[in-house]
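First comes the structure, then the notes that go with it.
Everything numeric here is computed off the predicted structure, so don't read it as measured data.
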Amino acid sequence: MRAARLLQQRTASRFGADIHLSKRIPAGAGLGGGSSDAATTLIVLNRLWNTGLARQQLADLALELGADVPFFVHGRNAFARAAASS
């Protein structure tokens with residue numbers, strides 16, 4: 001719901017959606033389930049609502065939902081590491 005509302009607010013879309021989600025992954029299991037769901041919501045509603053946002057724009061929005069959500073928006077493998085400290 002947060003992803004849908006964020007996209008709606010940022011694009012001033014007046015459209016809505018009925019979203020039904022069936023999960024078999026325990027909440028908080030650390031498997032990226034919620035992050036993947038958020039990214040999928042952004043991608044699907046971007047298309048259904050014809051907002052015209054590019055993938056990188058969706059990834060920028062996704063970052064507001066969680067640090068790992070942009071990885072799922074791009075839909076490919078990624079390597080993450082901690083920044084070097086000074």
From Gln56 atom CD to Asp60 atom CG, the distance as rounded to the nearest 0.5 Å: 4.5 Å

Residues that Gln57 engages under side-chain hydrogen bond (donor to acceptor under 3.5 Å, both in side chains), provided they are two or more places apart: none

Rounded distance (nearest 0.5 Å) linking atom CE of Met1 with atom CZ of Arg5: 4.0 Å

Side-chain heavy atoms of Leu7 within contact of Leu58, under 4.5 Å: yes

Leu63-Leu45 co-clustered via ILVMFWY side chain contacts under 4.5 Å: no

Minimal non-hydrogen separation, Leu6 against Glu64, with atom names: CD1-OE1, 3.7 Å

Residues Thr40, Val73; criterion side chain to side chain contact (heavy atoms under 4.5 Å, CB included); working and verdict: CA-CA 7 Å; Thr40 300; Val73 168; over 6 Å; no

Path from Phe72 to Ile43 over hydrophobic side-chain contacts below 4.5 Å: no

Residue pairs passing the side-chain hydrogen bond (donor to acceptor under 3.5 Å, both in side chains) test where at least one lies in residues 46-55, sequence neighbours excluded: Asn46-Thr51

Under 3.5 Å donor-acceptor, Gln8 side chain and Phe15 backbone: yes

Pairwise distance CG(Leu42) to CZ(Arg10) - rounded to 0.5 angstrom: 11.0 Å

Transitive ILVMFWY side-chain link Phe71 to Val69, under 4.5 Å: no

Thr41 side chain reached by Ile19 side chain, heavy atoms, under 4.5 Å: yes

Heavy-atom closest pair, residues Pro70 and Ala59: CG-O, 3.5 Å

